[in-house]
S.K.: 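Here it is: the structure, laid out below.
Per chain, numbering begins at 1; letters A, B, ... match sequence-line order. Computed from a predicted structure; not experimentally measured.
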Number of protein chains: 2
Amino acid sequence: MDICKHCQSKSLAANKLVESEIEELEHSCVSVDFLQGEIIFKQDALSSNIIYIRTGLVKVHIKGPDRDQILKIAKGPTYLGIPTTLGDKVNNYSATSLTHVSVCFVDIRTFRHFIENNSEFAYEIILDLCKEELSYYHRCVNQLQKHSAGRVADALLFFADEIYLSKTFNLPLSRSELGDLTGNSRESVSRILAEFNQQQIIQLKGRGIAIINHSLLKEIGKKG
Amino acid sequence: MDICKHCQSKSLAANKLVESEIEELEHSCVSVDFLQGEIIFKQDALSSNIIYIRTGLVKVHIKGPDRDQILKIAKGPTYLGIPTTLGDKVNNYSATSLTHVSVCFVDIRTFRHFIENNSEFAYEIILDLCKEELSYYHRCVNQLQKHSAGRVADALLFFADEIYLSKTFNLPLSRSELGDLTGNSRESVSRILAEFNQQQIIQLKGRGIAIINHSLLKEIGKKG
DNA sequence: ATTAAAATGTGATATGTATCACATTCCTAA
DNA sequence: TTAGGAATGTGATACATATCACATTTTAAT
């Protein structure tokens, strides 16, 4: 079928694979589509495949002592959950689709095989892991030290600048999920968004958001 | 000198190196000792070496919007800062010795060379990165969702169970640093420790700590 | 030994944010 | 079209924890 060979959303690592490896990949890779709100993989279940998000938006979330914590919003094309698949026998967190999502499940043995036989592939995976970890450090420190409004501001900027690349977008999360992402209660999120709306920093209509004063939002995000 | 060949604290990855690679390592590896409180590498400086802690305790910390955040306490033997060295040109965080520390600086080109030529080495590094990331996820969620006392309890248990392997130990951190680690103010840390002492959960004398009621401390850590 | 500087302890107060309670709006299914 | 449930908005209140202010202790330097 040449699915992988001509895949439009190949990863940097997959680009390092040679012809024969691409062929191997095609035989041990399954493409699955998810509707919005479906569980792609679940915390505590056995982890047996490397997940590659071709298109769509996914939330990665983990059970906290109190409530669900959204670790990140991932946008295809990207690998998802390499750490939880290679680093442990069971998933340390869950992934749920936020939009229609197209996913490739790659057999872990094949993936491992690539790492062991193609050092360029391995190096790209290592770089990816490193960058992920660095960005997570920054995210986490921001979460820990900023005040609620700053965290919500950051989240809005993240969606505008990194996910939708537009000042106008529809939030793919409920208020409650936005709380799980930013470490706020549902009510606080509501209040903060209402406040931003009031101050003409954003224009709010349900989940529809238009960022009006981008620089001020950035200021709020920076100050905490 | 055969420094590396007979090194007592070789990493899992380094154990996969063949004779000739070990030799290469010896030529591009410098061993340096640090006293307590010295900076091993500094945030925003150019990152040009992979750091391997042979012995000693190190704090990894990052500048937050508000104050310093201690990302983790690392204990040799362990790699330190692979993400910040491979993932970016400059260090994304700092490392400071908490005790006498013996460090190997490995030239990044040599390290990269190993990854590219020794797939078992690469795989061990990948596993290490994955496990680091997973443990960081859990740490971070705990930090975000637990209450102050729970976070301090966790920190004490961490030192007892994972660093010193003893119920009695001397904290390698000031109250203020313990605050940076647990996301509390210096004053709150003082109060919480005093409270634990009062309730006979720990016995406190300056930085000297004896854990008396381990299970209750664990309970506090779990509940938040 | 003496003194200065740093680290720590502790009460009073301020503040940010969760929680509770309930009203309102939105969405879906019959 | 209506009914019922889910999602959301909003005020009042409670609570955890930072901050401020200052006392006390410890540590290091002379």
S.K.: Per the salt bridge (charged side-chain N to carboxylate O under 4.0 Å, His left out) rule, what does the pair list look like for residues 44-58 of chain B, sequence neighbours excluded?
M.R.: Asp44(B)-Lys63(B)
S.K.: Sequence neighbours left out, what pairs pass ring-ring contact (aromatic ring centres under 6.0 Å, His included) with at least one residue falling in residues 29-66 of chain A?
M.R.: Tyr52(A)-Tyr79(A)
S.K.: Can you sort out the partners of Leu216(A) under side-chain contact (heavy atoms from CB on, under 4.5 Å), two or more places apart, ordered by chain and number?
M.R.: Ile201(A), Asn213(A), Glu219(A), Ile220(A)
S.K.: Which atom pairs, donor and acceptor, lie under 3.5 Å between side-chain atoms of residues 124-132 of chain A and protein residues at least two apart or in another chain?
M.R.:
unit_1, atom_1, unit_2, atom_2, d
Glu132(A), OE1, Lys72(A), NZ, 2.9
Glu132(A), OE2, Lys72(A), NZ, 3.2

S.K.: How sharply is the helix from dA1(C)-dT30(D) to dA30(C)-dT1(D) bent, taking the axes over five pairs at either end and rounding to 10 degrees?
M.R.: 50°
S.K.: By the disulfide bond (SG atoms under 2.5 Å apart) test, which pairs, at least two apart or in different chains, include something from residues 136-170 of chain B?
M.R.: Cys140(A)-Cys140(B)
S.K.: Not counting sequence neighbours, list each pair that qualifies as a salt bridge (charged side-chain N to carboxylate O under 4.0 Å, His left out) and has a residue in residues 140-153 of chain B.
M.R.: Lys146(B)-Asp154(B)
S.K.: Heavy atoms under 4.0 Å, any strand shown: does Gly179(A) hit a base, just sugar-phosphate, or nothing?
M.R.: nothing
S.K.: May I ask you to check whether Ser190(A) and Arg186(A) show a side-chain donor-acceptor distance below 3.5 Å?
M.R.: no
S.K.: Can you find a side chain N or O atom of Asn184(B) that sits less than 4.0 Å from OP1 or OP2 on dT17(D)?
M.R.: no
S.K.: Go along nucleotides 3-11 of chain C 5' to 3' and tag each nucleotide: B for a protein heavy atom under 4.0 Å from its base, S when only backbone or sugar atoms are that close, - otherwise.
M.R.: -----BBBB
S.K.: Could you tell me how far apart Leu178(A) (CG) and dT17(C) (C1') are, to the nearest whole angstrom?
M.R.: 16 Å
S.K.: With side chain to side chain donor-acceptor pair (under 3.5 Å) as the rule and sequence neighbours excluded, what pairs involving residues 197-211 of chain A come up?
M.R.: none
S.K.: ring-ring contact (aromatic ring centres under 6.0 Å, His included): which pairs involve residues 165-208 of chain B, sequence neighbours left out?
M.R.: Tyr164(B)-Phe169(B)
S.K.: Near DNA chain D, which residues from residues 141-150 of chain B have a heavy atom under 4.0 Å away?
M.R.: His147(B), Ser148(B)
S.K.: Would you be so kind as to tabulate the donor-acceptor pairs closer than 3.5 Å made by side chains of residues 171-178 of chain A, with sequence neighbours excluded?
M.R.:
unit_1, atom_1, unit_2, atom_2, d
Ser174(A), OG, Ser176(A), N, 3.4
Ser174(A), OG, Glu177(A), N, 3.1
Arg175(A), NH1, Gly206(A), O, 3.4
Arg175(A), NH2, Gly206(A), O, 2.7
Glu177(A), OE1, Ser174(A), N, 3.0
Glu177(A), OE2, Lys59(A), NZ, 2.8

S.K.: Expressed in angstrom and rounded to an integer, what is the separation of Asp180(B) atom CG from dT17(D) atom C1'?
M.R.: 16 Å
